[in-house]
Each structure stands twice: as structure tokens, then as C-alpha cells.
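Residue numbers begin at 1 in each chain, while the letters A, B, ... track the order of the sequences. Owing to the predicted nature of the structure, the values given are computational and were not obtained by experimental measurement.
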Amino acid sequence: MSERPHFTLDGRRVPFQDGQTLMTAALDAGVYIPHLCFNPEFTPHGSCRVCLVEVNGRVQAACTTPAAAGLIVQSEIEELREIRRGILQMLFVEGNHVCPACEKSGACQLQAVAYYVGMLAPHYTHFYPRRPVDASHPEAVLDFNRCILCELCVRASRDVDGKNIFAVQGRGIQARLVVNTPSGQLGATPFSLHDKAAQVCPTGTILIKHRGYETPIGQRLYDRKPISVVGDVAQVSESRGGRRHD
Amino acid sequence: MSTQETAIQPEYLCRIAIDPLSRVEGHGKVTLLTDKDHRIRQARLHIVEFRGFEKFIQGRPYWEVPVVVERLCGICPVSHHLAAAKAVDQLVGARELTPTAEKIRRLMHYGQTLQSHAVHFFHLASPDFLFDFDDPAAHRNVGGVMSDYPDIARQGVRLRKYGQEVIRVTAGKRIHGTGAIPGGVNKALSLQERNDLLADIDLMIQWGRGILRLVKQAYQLNPGYFTYFATIRSNYLGLVRADGALDLYHGGLRARNERGEILFDHLDYRRYSQVIREQVKPWSYMKFPFIHSLGSEQGWYRVGPLARINNCDFIPTPLAEEERREFMALGAGQPVHMTLAYHWARMIELLHATEAIKELLLDPDIFGDERVVRGEMAREGIGVIEAPRGTLFHHYRINEDGLIEKANLIVSTTNNNQAMNESIRQVAERYLDGKELTEPLLNQIEVAVRAYDPCLSCATHALGRMPLIVELVEEERGTVVSSLIRDTDGTVRNERCASGLN
């Protein structure tokens, strides 16, 4: 029986199957590569650039780079950590991310990745955009202040729920998440908390109405262990019988 | 009200500023205007911080509010957290909390009272008791206390730490936790957490009694000074339980006049706006509340430990009640008006907090599973609580989508604004008037303010109705070319000076 093909990630052998990307193979092997717009249940997007890795000397997004035998991939090196910190800092100053008062704090992927890459301060000047909260829906609230344009809700609503409720409008720095109705209000859509789109936001943009802070501090997802241990890397590797590398 | 609030011809007077005020929470300053004979013509306590909470929570979801507004303060965040949570309870129709929720919140609140009173007395105020006024400023601080009275300093640190630990196990964090949620709490206590706290509580009670002995010794050494320094006769406001007991978490509003006569009693605090009004003055960011029926000149009042001890009929824990009786004997049937007695009353409350914590720790309800109740939504909620520094009002209105439309906060220190100003004027008149001002003399002004334990950070939460003046100053000569003035009614006007019209 021939050995499964593999690549090397930070000196570790990572086996893969045909069609896998560096990211999905790493997740299967229980190895964490920081990411935000990637979700193992959706087609890779490659937009947030947090998962940048060095592949045979070139910097590429792990979520969109096909795995190939013999590749030498580096992720946990200082140059990449610095790039990731910079990306995270830009995301933080572009929106209004007030972690101390946010109900998603402690269970927020954006916050957890920022901790993981060692972001201690936003560094850049805050934009302080004015983005009103949309609370028109009876069950959910949209807080656009926290959107990082990962488009996971757009993809989930379009590809899984078949409702096509969310969209990104504008380009470049003008790009923003919108609700795909003439009024632009979530209350005018068939959105439901059972939708996949309600489950995928990596920040606190899509929230359940009338509830918050119900999990005590100390028991939230990322309170005790970092995202590299308890995030989707744990779910994926455990569901596939893989081994998690703490 | 004193005549020293506004001098008639301030341009001919010498200005002395105590800036910043030391050993108080937040940033403030006192300005004195004196004439050539060193007579005090004007004395004002100014609050120079600017926060804006009432404005920037507009448009936010209501269930966020208890966690957002607690950022008003790092010393008494629990008070803001719980006052807001009580208001939000009304929004979600939680008429009565489960026993577990109410007792966990009470435990959090008494932990807060304990740590806040401890930090004020030991870290901020104890140098005023333990050292003379003319003690060098470099030594007249908590560092001096630690070197000269290490046992007292250690007790202060441990008492505060204990209170913080009570907060941590009930709110999740020592500062800015999330324990109180709409209609209840998000956690109960574990047996381990309870046992850890119970192990030290008797020591805390013992230390609480010891501090009271220290305060009483200070009084007995110099009763004349205690009796007259910064003392003013005032009205008093605070919450009392239905049976008249001291209750820091919940009750009805009671106000007494300076003779101790009841002005109103057991008033549902949701009707506070019928009895309390706020006045704005152009020289301070802090408003001036008063009892409406008495008017702004006569209706100002005091809140906080002195007001609460004067107001209640009894304290429902035995050791603190014994101390209350001894304290009230000073007033001989009337309220105790001594401003320095705030410290004494505060330590009676600290002792009460330790006793109340012990009672709650022994109550099996703190382990319960039923933590949240909900009912029919409402559009308006008002939460009032007795924070360490006094009565704290949080009032919110939401729109049909559940977003905050309007907020009004009257924080404890704001209630004492006029009283603090009156006290510094009394000190200025009695101790400073006609004298060449020196640092120890000016320190007496600070001692007067400090007795109230003001939290100036909390007191400057508002935005939108404050008068503002922006001046354009000509660089070389320093003359004012024009002024942009926003009045208290919100109108903006531009005033150009004659010299600047070219």
C-alpha cells in the first residue's frame, strides 16, 4: 500500500486527499491556520487574507491553495504573524469593535484570532464609521458596526438557505453589508434564526434579539483555551477522527 | 445656598485653582477667587471630565445597556450594572426576580459596597485621619499609611480584595462583569466558591468593627473639629426598605429635611421625575439636582452613607445596627449633619456589607438553577439602587424594535453636587478667609470634598444639554476674538468681540 501524499507544514507532515486545500488538509490533521472568511462548510473565499502562509517561498492564502505533494509550507513564522496582526488591526479600526461591551466577547472568532496572532492594540487610527443597528426583525439584530465583510452570511443565505438575504454593496473602502430588500431592513425578509446564515457570523454582527451575556465569563468558548484548540479545528478533526495538536 | 457661588466683579480678584483634586475618583478642580485682603469671594467645585454615555447608548439594543454603562466607572461598575439591569428587568416584564437571581445580585452589590468603601477609606481618606493637615504632601497619602501603619493598610487591601472576589464569583470578573442579565443573572454560586468566601468572612467582619473603633477614636480626639468642619445642614435622600430598614439594593425613596422630618416616603422610584429635577450651571459639567417641591435654592440634598444612615429606621444586621444607634445619638433626635461623619457612616455600611454577605453566603438560594424570568415587554424602565456614593438613577426608553431611544442617568455624586459646593464654601469661609493660602490650607478644601467620596468620572456621563463655550484667541495678544456659545437650551450663538472685527 502506497503512502498517502503529504506536504510539510511548519516541519510537520500533513497528509491530504485529492481536491483538498492546504487549509482543509491542515484542519483534518488538527493543525490550526488562523482564518476568518473560511468556514469548512463553505467554498473558500480567499478574501480576508488572514490565512496567508508561505508556500515554497511564496505567500499565498491557505484556504484557496490546492495541497500538493512535497510542498514546504510555513505558517507560524514571525513575518506572517506580523502580516496577520496588521490585517486584524485594520479590521478592528475599520469597524466599531468594542469588545469590552460586546455580547459576543469570549465567543467571537475575530477577537479570538486577534488574541491568537498577538494583537495587543489596534495601532491604526480608528475610522469610527456611523452604522446604525438594524433591529427591525422580531428575532434578530444586525449590528453592522462589527461586520468584517467575510461574506459567510451572504454565502450561507444564498447557497444553503436559498433566500439570498444578504449582499455586499459598493467596492473597496465603500463596500458594506446590506440586506437584499428595497427597504434594506432585515424585518422585511423571511430571515429566521434557524437559517444557516444566522449561525455563521465570525463576529457579533448577527445576533439573537432580547438575549445576550447568558454564558458567564469563564465558560465562553474561548475563555479557557485559544481558538487553535477549541475552534473549528477541534470540530473538524474530531468529526473526522483526526488528532488535534494542542 | 451660599453667596460665594458667583462673585460680583470677578475680574478684580485673584484666582487660585486646586487642580487636580487629589485622592478622589475622576478629575475635578476647585477654584477660589480672593481679593487683595485674601477674602474668599467665590468658591466652586468644577467637574472637568466629559463622558457622553446618555448620548452614545442611543440606538443600541437594550440588553447591552447593563454591560455598556458599567464602563462609567472602574470603582463602582456593579452599581451601574445593577441599576441598569433593574431598569431592563422592567423592559422585559420581569416583575419579580427568582430568589436566586435577587440574592446573587444582592451579593454582588454588597461585595461592591465593601470594596468601594474600603478603597475610599483606606486608600484615599485614611491619610486625613491618620496624619495632620500640615503633614508633608509627599507623605500624606496611601504610601505614608503603608509605611507608618502597615497593619491598617494591609486590612484595607485585604478587605477590598475580598469584596472584589465576591464580585468575581457573581459577575464573572472583578471589574466590568456580566452577571446581571435581563430578568435575572447568568450564574449562581458553586459550593466551592461559597466555601472559599465563607472561610474569610468572619475576619472581614472583625476588621470592619476595628475600623469603626479607629473612626470613633478620631472623633473623640477632636469632636469640635468633626462637628464643625465643612458641616452643612441639608435635606437627605435615599432608598429604604418597606419596613424602614437600610437596603442598598431595593426600596422606596425617602427624603427628610434638615430637621429630620419626612418630606416623602416609600415613593415608588419609577416616579422619581415627579420629585427630582436637575439644574444646569454653565461652569460645571455636573448637573445640580434638587427636590422639586422645595425649589433649586432650598431643595438640594445629600445622598450616600450619611444620608442613608440618617434616613433609615434601622439596619437589619446586628453589629451595624448597634453602631448606627451610637452614631445617631450624636444628632440627639435630628439627622447628623457633620460632613466628616460621612466617613463614620461609610464604615458602618462597610460593617453592614460584611454581615449581609455572610447572611447571603449561608442562604441555600444562591445555588439555585432558576435564574431568569421574563414577562411582557415594556417601553420604559427605571432602575434605582443605593450605590456606595448614594442614590443612583438609571432611566431608559426603547423604541418598538428594542433600541434605546432616550436615557437619563442621575448618578450618586451628581446628587451631592450642591452639597459639595456648599461644604467647600463653608471651609473657605471658616478656615481660609483672610489668610495667605498655603498647601495645607488648600488641602482642607480637598478633605471636605473627599468626605463625600465623589466619583467625578461617573458624574459627568451626560451629553447634549451642557452649555459649551469655544473661544477664538488671537495668538500674540491673547485677546478673545470671538466666542461660539451653546446655551443650555441648545441654541448656538456667535459673539464677536469689538477688537476682533477688523
Side-chain angles (χ1 to χ4, degrees), chain A residues 95-108 111 126 128-147 179 181 183-189 191 193 201 203-224, chain B residues 53 56-72 74 77 80-81 84-85 88 91-94 104 108 167-190 193 371-372 374-377 398-405:
Chain A
N96 295 310
H97 299 277
V98 188
C99 295
C102 179
E103 63 190 84
K104 200 70 183 285
S105 193
C108 170
Q111 183 192 46
H126 281 275
Y128 294 126
R130 278 182 170 270
R131 297 179 186 167
V133 172
D134 178 354
S136 58
H137 193 276
E139 296 177 334
V141 165
L142 291 181
D143 189 343
F144 297 105
N145 293 291
R146 300 161 181 168
C147 180
V179 176
T181 62
S183 68
Q185 296 283 295
L186 191 65
T189 72
F191 181 81
L193 290 181
C201 180
T203 71
T205 305
I206 302 175
L207 297 167
I208 301 173
K209 206 168 185 179
H210 304 301
R211 307 221 166 277
Y213 314 97
E214 290 184 348
T215 307
I217 294 170
Q219 297 175 29
R220 301 170 304 187
L221 183 59
Y222 305 119
D223 275 343
R224 297 285 178 208
Chain B
F53 274 73
F56 67 65
I57 61 168
Q58 288 176 10
R60 300 299 311 172
Y62 72 85
W63 56 93
E64 264 187 12
V65 166
V67 178
V68 175
V69 294
E70 66 179 339
R71 255 72 193 180
L72 272 161
H80 292 290
H81 184 56
V88 169
L91 297 177
V92 300
I104 292 290
M108 196 191 304
I167 296 170
R168 188 188 67 78
V169 299
T170 49
K173 279 202 303 182
R174 290 178 183 86
I175 302 173
H176 300 148
T178 61
I181 58 175
V185 294
N186 66 12
K187 80 182 283 281
L189 252 64
S190 70
E193 288 168 335
R371 298 193 294 265
V372 178
R374 295 262 182 160
E376 197 176 324
M377 288 290 296
I398 57 174
N399 66 16
E400 58 188 9
D401 291 335
L403 302 180
I404 299 289
E405 207 169 57

At a heavy-atom separation under 4.5 Å, does A:Val141 approach chain B through its side chain, its backbone, both, or neither? side chain

Go through the atoms of A:Pro100 and report whether side chain, backbone, both or neither lie under 4.5 Å from a heavy atom of chain B. both

Contact class of A:Pro216 relative to chain B, heavy atoms under 4.5 angstrom: both

Segment of A:Asp134 engaging chain B (4.5 angstrom heavy-atom cut-off): neither

A:Asn145 portion near chain B, given a 4.5 angstrom heavy-atom threshold: side chain

Run B:Trp63 and B:Val92 through side-chain contact (heavy atoms from CB on, under 4.5 Å) and show every step you take. CA-CA 9 Å; B:Trp63 56 93; B:Val92 300; over 6 Å; no

With a 4.5 angstrom heavy-atom cut-off, could you sort out which part of B:Ala171 is near chain A: side chain, backbone, both or neither? backbone

Taking C-beta and beyond as the side chain, do B:Arg371 and B:Ile104 meet within less than 4.5 Å on heavy atoms? no

Would you please go through residues 203-214 of chain A and name the residues with a non-hydrogen atom below 4.5 Å from one of chain B, in numerical order? A:Ile208, A:Lys209, A:His210, A:Arg211, A:Gly212, A:Tyr213, A:Glu214

Relative to the ring of B:Phe56, is the ring of B:Phe53 parallel (under 30°), tilted (30 to 60°) or perpendicular (over 60°)? tilted

List in chain and number order the residues that pass side-chain contact (heavy atoms from CB on, under 4.5 Å) with A:Thr181, two or more places apart in sequence or in another chain; answer none if no residue qualifies. A:Val179, A:Ser183, A:Ala188, A:Thr189

Under the criterion side-chain contact (heavy atoms from CB on, under 4.5 Å), I'd like the reasoning laid out for A:Tyr222 against A:Gln111: C-alpha separation, chi angles, the key distance, then a yes or no. CA-CA 9 Å; A:Tyr222 305 119; A:Gln111 183 192 46; 5.8 Å; no

Non-hydrogen side-chain atoms of B:Val67 and B:Glu70 separated by less than 4.5 Å: yes

Chain B contact via A:Ser105 - side chain, backbone, both or neither, heavy atoms under 4.5 Å: neither

When only pairs under 4.5 Å are counted, which of B:Asn399, B:Thr178, B:Val372 shares the most heavy-atom pairs with chain A? B:Thr178

